[in-house]
Amino acid sequence: MDPGSKEFRRDFVRSLVGADLESGKHARIVTRFPPEPNGYLHVGHAKSICLNFGIALETGGQCNMRFDDTNPEKESDEYVRSILEDVRWLGFEWGGGPYYASDYFETIFAAACELVEKGLAYVDEQTADEIRAARGTLTEAGSGSKWRERPASESLIRLDEMRAGALPDGACVLRARIDMASPNINLRDPSLLRIRRATHHRTGDQWCVYPMYDFAHPISDALEGITHSICTLEFEDHRPLYDWVVANVTLPSRPRQIEFARLELTHTILSKRKLLELVKEGHVAGWDDPRMPTLAGMRRRGVPPEALRDFCERVGVAKANSVVDMALLEHCVRENLNLEAPRYMGVLRPLKVVIENYPEDGEEWLPARNNPEDPSAGTREVPFARELWIERDDFRIEPGKKFWRLAVGREVRLRWAYFITCTRVEVDPATGEPVLVRCTYDPSTRGGDSPDGRKVKATLHWVSVRHAGTAEVRLYDRLFSDMSPGDDWRERLNADSLEVLQDCPVEPALAQIEKGARVQLERVGYFCVDARDSRVGRPALNRIVGLKGAATQT
RNA sequence: UGGGGUGUGGCCAAAUUGGUAAGGCACCUGACUCUGAAUCAGGGGAUUGUAGGUUCGAGUCCUACCACCCCAGCCA
């Protein structure tokens with residue numbers, strides 16, 4: 001793609017990148033996706049992944065997969081594995097690597113020495129509390145540490161002791177000497193290195209001094225030749241510090257940081273802390289619960305990665321914090337699945353129908369299109385017999401004006417089969433609910449069309465009682481009833497976010513479907529055959545998303 | 001309160017050097033239809049945060065104000 005083209009410059013980040021390419025500032029673009037391996041990836045990360053990998057793909061550059069693993073106490077190998085799996089699932093590949101900030105610890109330490117030698121950093125022996133107290137406030141300047149002016153040689157010795165493990169945790173910290181009176185608090189002599197005796201998931205006990213994000217990130221970027229370091233808005237006022245490091249440390253390149261607004265979605269929460277609480281408190285079944293906005297959850301739910309990528313393209317990239325409507329994600333999923341998902345018939349809440357003029361032990365297999373949107377998907381055969389299951393919602397004892405499905409005296413079509421007319425209904429005297437619907441069929445309408453051209457208003461899905469397989473159906477819905485759950489999200493959990501239906505009759509072909517398959521249950525919605533809980537002959541179907549205005553209305 | 005950002009229809013989001021508000025989602029209507037889906041065709045909705053100013057003309061320039069977000073970790 002031509003980076004100068006209007007098509008490429010869809011958003012302000014791509015515009016900046018395109019300009020740098022056109023001006024010749026960079027011959028090749030290198031971006032990076034730098035998660036900290038301390039949690040699972042969610043949709044918000046997907047936006048960043050699509051942006052960074054997308055730009056690399058579109059410009060013929062590269063995007064490095066890099067772990068920002070500078071805080072051993074919170075990070076683990078389990079997270080790096082899940083993150084790599086999620087990125088791969090989303091559909092992206094990285095050339096070299098994956099890279100790790102921890103691979104640069106030696107270089108970062110050398111950079112620390114360089115800064116000290118230049119008089120741009122010093123080892124501060126105040127306690128964390130003292131440092132905090134001296135930092136000042138939003139409106140008052142901070143004051144310099146008594147160690148601020150100590151000779152470089154002295155700091156260098158301390159620095160070596162820090163690295164050698166001669167000093168206890170918290171004994172001192174390396175600080176940049178910038179400006180204690182800066183209105184930007186990030187510039188009031190920020191900490192660069194701290195002592196932490198913790199086993200790192202990759203470097204083990206090799207180090208007891210670890211760099212802070214603000215120190216490690218620009219150096220990591222520069223070492224990898226990153227041209228554009230794209231991050232979220234909250235790092236905007238860290239940019240002066242990022243630039244300070246890049247300018248004052250001897251580095252092979254000068255990356256540029258660009259910030260964009262992170263994604264937020266209605267009806268869910270995306271903060272790592274809240275997601276963790278959701279899991280820990282048992283509101284969901286785990287990180288990959290299909291209701292979770294995590295990539296693992298969405299994958300389990302059955303969201304196609306293509307749909308998720310499409311969604312990320314559609315939300316756009318800008319600097320205004322915004323909350324995207326969940327409906328957009330659902331739209332992307334439907335649009336993808338409408339073309340891709342083979343159709344089957346299955347009944348969620350069964351009601352028995354007897355075709356009284358159909359032979360007692362009669363049976364016939366009728367051809368059905370697998371996907372009306374895609375002729376190449378072919379056809380399959382569906383068994384028809386005298387006793388059928390239909391959806392309870394498709395029958396009404398007292399049909400309203402707007403209800404045009406089955407009722408006594410009404411004629412409807414059974415998908416791919418026959419026209420049937422309801423003659424009477426048997427009702428449970430206790431509840432008043434219909435328990436059996438009696439109908440007659442018109443043999444001349446075999447296949448679903450009437451030779452005399454008469455029309456029916458409704459087409460119902462159905463399953464032969466005798467031939468039915470059974471499935472467990474999990475109806476997933478939005479995790480929160482409220483558009484923006486906020487901090488009292490616990491009170492806004494959607495009590496109906498999961499409804500499990502056992503023994504739902506499904507057509508034989510569906511009972512045999514392979515795990516992981518995504519299908520459409522006609523007139524009901526899109527489902528994914530759960531990879532974990534399905535058994536041969538008894539699939540567990542996760543609802544990905546319902547059909548628009550599904551068959552459960554008046 | 002200091003600093004850094006952002007404010008365009010319900011939700012996102014465009015708008016070359018100021019020239020008289022794209023598009024998508026959502027919603028509504030009609031057509032079509034063997035999925036009340038899809039598809040197709042229409043439609044409603046914006047005094048572009050507010051108030052002034054410059055200009056023949058401002059979302060775009062100037063001034064003031066308001067609202068919201070981020071920052072005082074030895075987290076990222």
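Within every chain, numbering begins at 1; the chains are lettered A, B, ... in the order of the sequence lines, protein sequences first and strands thereafter.
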For B:rG43 and B:rG24, measure between their P atoms and round to the nearest Å. 13 Å
How far does the P atom of B:rC40 sit from the matching atom of B:rA26, given to the nearest Å? 13 Å
Looking at A:Glu391 and A:Arg523, does any basic side-chain N land under 4.0 Å from a carboxylate oxygen? no
Taking A:Arg410 for its side chain and A:Cys422 for its backbone only, find out whether a donor-acceptor pair lies under 3.5 Å. no
In B:rG73, glycosidic geometry as syn within 90° of 0 or anti otherwise: syn
Using a distance-only test with no angle check, is there a side-chain donor-acceptor pair under 3.5 angstrom linking A:His267 and A:Arg492? no
With the threshold set at 4.0 Å, does a side-chain nitrogen-carboxylate oxygen contact exist between A:Arg10 and A:Glu58? yes
Roughly how many Å apart are B:rG57 and B:rA64, using the P atom of each and rounding to a whole number? 23 Å
Which protein N or O atoms sit under 3.5 Å from an N or O of nucleotides 41-45 of chain B?
none

Tell me yes or no: between the side chains of A:Asn184 and A:Ser182, is some donor less than 3.5 Å from an acceptor? no
Could you tell me whether A:Glu522 contacts a base, only the sugar-phosphate backbone, or nothing, with contacts defined as non-hydrogen atoms closer than 4.0 Å? base
Is the shortest side-chain N to carboxylate O distance from A:Arg202 to A:Asp77 below 4.0 Å? no
In whole Å, what separates the C1' atom of B:rA67 from that of B:rA21? 23 Å
Students often get this wrong, so: under 4.0 angstrom with heavy atoms, is A:Gln520 touching a base, only sugar-phosphate, or nothing? base
With respect to the phosphate group of B:rU35, does any side-chain polar atom (N or O) of A:Arg343 fall under 4.0 Å of OP1 or OP2? no
P-based separation of B:rC65 from B:rA22 [nearest Å]: 33 Å
Going by heavy atoms closer than 4.0 Å, what residues in residues 310-318 of chain A are next to RNA chain B? A:Arg314, A:Val315, A:Val317, A:Ala318
Hey, does A:Val323 reach any base, or is it just sugar-phosphate, or nothing, if we go heavy atoms under 4.0 Å? sugar-phosphate
Carboxylate-amine/guanidinium proximity below 4.0 Å for A:Arg415 and A:Glu507: no
Base, backbone or nothing for each nucleotide of nucleotides 71-76 of chain B, written B, S, -, heavy atoms under 4.0 angstrom, 5' to 3'? BBSBSB
Toss me the dot-bracket line for RNA chain B: Watson-Crick and G-U wobble, both under 3.5 Å, 5' to 3', using | for pairs to another strand and [ ] for crossers. .((((((..(((......[...))).(((((.......))))).....(((((..]....))))))))))).....
Are A:Glu75 and A:Asn38 close enough that a side-chain donor and a side-chain acceptor fall under 3.5 Å? no
Choose from B:rG36, B:rC12, B:rU35 the nucleotide whose nearest atom is closest to any side-chain atom of A:Phe403. B:rG36
Ring centers of A:Tyr104, A:Tyr99 separated by less than 6.0 Å: no
A:Pro372 side chain: which of B:rA37, B:rU35, B:rG36 is closest? B:rU35
Does A:Lys319 place a side-chain N or O at less than 4.0 Å from the phosphate oxygens OP1/OP2 of B:rC70? no
Taking only residues two or more places apart in sequence or in another chain, which ones pass side chain to side chain donor-acceptor pair (under 3.5 Å) with A:Ser191? none
Polar contact flag, side-chain donor to acceptor under 3.5 angstrom, A:Ser15-A:Arg9: no
With rounding to whole Å, what would you report as the distance between B:rC56 and B:rG18 at their C1' atoms? 12 Å
Find out whether A:Cys504 and A:Val347 are in side-chain contact, i.e. whether some heavy atom of one side chain is under 4.5 Å from a heavy atom of the other. no
Please state whether the phosphate of B:rG3, meaning OP1 or OP2, lies under 4.0 angstrom from any side-chain nitrogen or oxygen of A:Ser182. no
Quantified in whole Å, what is the P atom distance between nucleotide B:rU60 and nucleotide B:rU20? 14 Å
Mind telling me whether A:Phe33 and A:His45 have parallel, tilted or perpendicular rings, with 30° and 60° as the class edges? perpendicular
Using the side-chain heavy atoms of A:His331, tell me which of these nucleotides is nearest: B:rU1, B:rC25, B:rU35. B:rC25
Would you list the pairs meeting salt bridge (Lys or Arg N to Asp or Glu O under 4.0 Å) in which at least one residue belongs to residues 454-463 of chain A, sequence neighbours left out? A:Glu411-A:Arg454, A:Asp442-A:Arg454, A:Asp452-A:Arg454
With a 3.5 Å cut-off and no angle check, do the side chains of A:Tyr344 and A:Asn370 form a donor-acceptor pair? no
